[in-house]
J.: 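Dropping the structure in here first, questions after.
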There are 2 protein chains.
Amino acid sequence: MSNIREVARLAEVSVATVSRALQQPELVSVKTRNKVLAAVKQAGYQPNLLAVKFRSGKSHNLVVLVPTVANVFFARVISGMQEAAQQRRYSLLLGNTMADDNAEIAYARLVQTSQADGLIQLRAFDPFATLDMTTERLPMVNACEVLDKAPCPVVTLDNRAAAMAMTEHLLSLGHRNIAMIKGPARSPLTRDRVAGYRDALDAAGVAFDETLLCPGNFTLQSGHQATAQLLQRKQRPTAIFCENDEMAIGALQCLKQHGLKVPEDISVAGFDDISFAAFSDPPLTTIAQPAEEFGRTAVNLLIDVLEQKLTLLPKVILPFELVLRGSTGPVKMSEPATDTPAVHLT
Amino acid sequence: MSNIREVARLAEVSVATVSRALQQPELVSVKTRNKVLAAVKQAGYQPNLLAVKFRSGKSHNLVVLVPTVANVFFARVISGMQEAAQQRRYSLLLGNTMADDNAEIAYARLVQTSQADGLIQLRAFDPFATLDMTTERLPMVNACEVLDKAPCPVVTLDNRAAAMAMTEHLLSLGHRNIAMIKGPARSPLTRDRVAGYRDALDAAGVAFDETLLCPGNFTLQSGHQATAQLLQRKQRPTAIFCENDEMAIGALQCLKQHGLKVPEDISVAGFDDISFAAFSDPPLTTIAQPAEEFGRTAVNLLIDVLEQKLTLLPKVILPFELVLRGSTGPVKMSEPATDTPAVHLT
DNA sequence: TTGTACGCGTTATCAT
DNA sequence: ATGATAACGCGTACAA
């Protein structure tokens, strides 16, 4: 690979002039500039950006920590990140961490060792916590699933309000026996959505029944499994609210296998509005999240932090939308009858 | 950030000794080594890998060009890449290119400018072609959709054989009127799958009807659209073979909306075996591809090229598997009747 | 075993 | 407007 010295030699100028001709052309006479450009062409010169980065101390790389790229929602978020990063001339280093703390810490080292300038975390975990960072401003943004006291800018969605909106929708259809398939127990995201669910129940004067909460892990399979468990209850729920669309689609299949019709026999709701949600049978009622916007915003916030364009630690809350499709409907008329099962007390 | 000089000062040794103590500890006396390690700790020293990379001329980054990360199949491939890259201590730079040649060329510049050591391309396009690269061995691997005369190692699947296998399956069920929803026209992948489809037809002595080939673009929507078109034909196909699962799931919905039952009225087959394929209604018959293995193999091949462990240009062909689920079934008995429509020749 | 000194490719500072 | 040179942080050849 030819270097700036070779170009200088060909153009019969100094390396400084070559650098200037390329970086601040206005400082160089037209004549010299053309000579330089010709030499650049002749030498097939490409500035070694590794050297530029080394000298400037900025890698112009951003690490993205994503629990699983194979998750459709995250894939959309990454799409948005990619778009924003490209516009601002940064590159994205992908870290597929399988939600493993140690893997995430390892990726955070990329920042510590100057291979990346900052990091975007999509999970509620601070990989820098153990890694004594000297910088005052943590070069990090937390998106989607957000730390409770995040030491960095945050971009999120009012998960509590969204879950409340969905639950209110189900309540308005007459459902009183609403199950919820949750995400991992410790996740703040799960906690907030459960809280919103309770909010709606409380507001409607419906008793909260903890046994209607079923754990899941955001996969199709877990939605199927959790639903199977719910169907073993003596009293079947009339609606299932899943914390993401994958689990809802898993639920739909399980219900079908048990001969239940959606929404006639039971309603199902999801969360995220992934592309498959509109193509399930029936199409899924869900909460639409602006996934790409999450990504774009996170990247822009991070770059703002890095370029010191930010004074405070912003908390951006993106809007959600309740998307009504065919998977939710009025509760069955006959249902209230079974609501008080004929149990003989012994 | 503290540097190697500060550590040297603290340990009261030279910078060379510090470097050695960390890189080749066996060359340094135990006593000195401990002194150095203590100083490292005290200074909170982290080697600046940007400097290391600059000096070595190797970025240890790999660019991945993916048409759309939002595609479930590609997301799985990337997962596999990530895994292999991590193991071999490389990082992945993600390039979401929307199948735009110029965007891909821009990403290839990352290699030209030493920001990345090599590139993995998932599409049949050589971004280096216009970018006179001086290196003899192109630092590139082509995976999934492969260039016809790829100037680099290749990892692919026998798409022709796979499409033939699926078509044979449909033929064996009695289907003679099999439509195909294709990918983009120019793609070699599409071409190979169509060829396999024809192979099977020819072998069975079934006439090939070009009008049964319908263009799509691998999205759910395009599968839906293409199916709607197919249903307008005077003579409805008895089976639809889609070139990926998303389009097949789109097809399923369209058929349902037209009141057709799958597989009783019409069979549907996909390609890829994404997770959603097992959860559609009915579950999708499809060709399973080892997506993660694609990613792992591509990364390992590329690193082998970079580290000159490769003499030839290997062509790795991964296995596929015909996965039979509920979306394909025997052709309707009544169908052959309409097979010879009562057309009056004028 | 350890230290000195150079070089990687670029940009910035200071002269001219 | 242009040139000479130092500096970035590190690894290593060579010298001691």
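Per chain, numbering begins at 1; letters A, B, ... match sequence-line order. Just so you know, these numbers use all the heavy atoms, side chains as well, and skip hydrogens, waters and symmetry mates.
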J.: CZ of Arg9(A) versus C1' of dG3(D): gap in Å, rounded?
T.: 18 Å

J.: Rounded to the nearest Å, what distance is computed from the CD1 atom of residue Ile4(B) to the C1' atom of nucleotide dG3(C)?
T.: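 Result: 13 Å.
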
J.: Measure the spacing between CZ of Arg76(B) and CD of Glu292(B) and express it to the nearest 0.5 Å.
T.: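 Rounded to the nearest 0.5 Å, the CZ-CD separation comes to 4.0 Å.
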
J.: To the side chain of Tyr45(B), which of dG3(C), dT10(C), dC10(D) is closest?
T.: dC10(D)

J.: With distance as the sole criterion, is a donor-acceptor pair present between the side chains of Ser19(B) and Gln23(B) under 3.5 Å?
T.: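 No donor-acceptor contact under 3.5 Å links the two side chains.
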
J.: Return the minimal non-hydrogen interatomic distance between Gly57(A) and Leu50(B), and the atom names on each side.
T.: C-CD2, 4.2 Å

J.: Restricting to non-hydrogen atoms, name the atom on Val305(B) and the atom on Pro153(B) that form the minimum distance, rounded to 0.1 Å.
T.: CG2-CG, 3.6 Å

J.: Hey, is CD on Gln24(A) packed in by over 12 heavy atoms from elsewhere, all under 6.0 Å?
T.: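 Result for CD/Gln24(A): enclosed.
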
J.: Does anything in residues 21-40 of chain B come within less than 4.0 Å of DNA chain D? Heavy atoms only, and list the residues if so.
T.: Gln23(B)

J.: For residues Lys315(B) and Thr156(B), determine if any side-chain heavy atom of one lies less than 4.5 Å from a side-chain heavy atom of the other.
T.: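 Side-chain contact under 4.5 Å: yes.
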
J.: So, does Ser14(A) get its side chain near the phosphate of dA4(D), meaning an N or O under 4.0 Å from OP1 or OP2?
T.: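 So the side chain of Ser14(A) is outside the cut-off, no N or O lying under 4.0 Å from OP1 or OP2 of dA4(D).
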
J.: Would the number of heavy atoms belonging to other residues, nucleotides or ligands and lying under 6.0 Å from CD of Glu307(A) be above 12?
T.: yes

J.: Kindly compute the distance separating NZ (Lys309(B)) from CG (Asn300(B)), expressed to the nearest 0.5 Å.
T.: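 Spacing of NZ (Lys309(B)) from CG (Asn300(B)) equals 9.5 Å.
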
J.: Does some side-chain heavy atom of Leu157(B) sit less than 4.5 Å from a side-chain heavy atom of Pro290(B)?
T.: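 Result yes, sub-4.5 Å side-chain heavy-atom pair found.
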
J.: Select one nucleotide: of dC10(D), dT2(D), dT2(C), the one nearest the side-chain heavy atoms of Arg20(A).
T.: dT2(D)

J.: Would you work out how much the helix from dT1(C)-dA16(D) to dT16(C)-dA1(D) bends between its ends, with each end axis defined by five base pairs, to 10 degrees?
T.: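 The helix from dT1(C)-dA16(D) to dT16(C)-dA1(D) shows an end-to-end axis angle of 40°.
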
J.: Does Thr17(A) make a side-chain N or O approach to OP1 or OP2 of dG3(D) shorter than 4.0 Å?
T.: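 The answer is yes; a side-chain N or O of Thr17(A) sits under 4.0 Å from OP1 or OP2.
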
J.: Can you measure Arg5(A) atom CZ to dT11(C) atom P for me and round it to whole angstrom units?
T.: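 Rounded to whole Å, this separation is 12 Å.
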
J.: Of the residues in residues 48-62 of chain B, which ones touch DNA chain C at a heavy-atom distance under 4.0 Å?
T.: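 Phe54(B), Arg55(B) - these, ordered by number, are the residues of the stretch whose heavy atoms sit under 4.0 Å from the strand.
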
J.: Rounded to whole Å, please give me the gap between CG in Asn3(B) and C1' in dA7(D).
T.: 12 Å

J.: Should Gln87(A) and Arg296(A) count as side-chain neighbours, where that means a heavy-atom distance under 4.5 Å?
T.: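 Side chain of Gln87(A) against side chain of Arg296(A), heavy atoms only: no contact under 4.5 Å found.
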
J.: Parallel, tilted or perpendicular: which one describes the rings of Phe294(B) and Phe73(B), with boundaries at 30° and 60°?
T.: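 Answer is perpendicular, since the angle exceeds 60°.
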
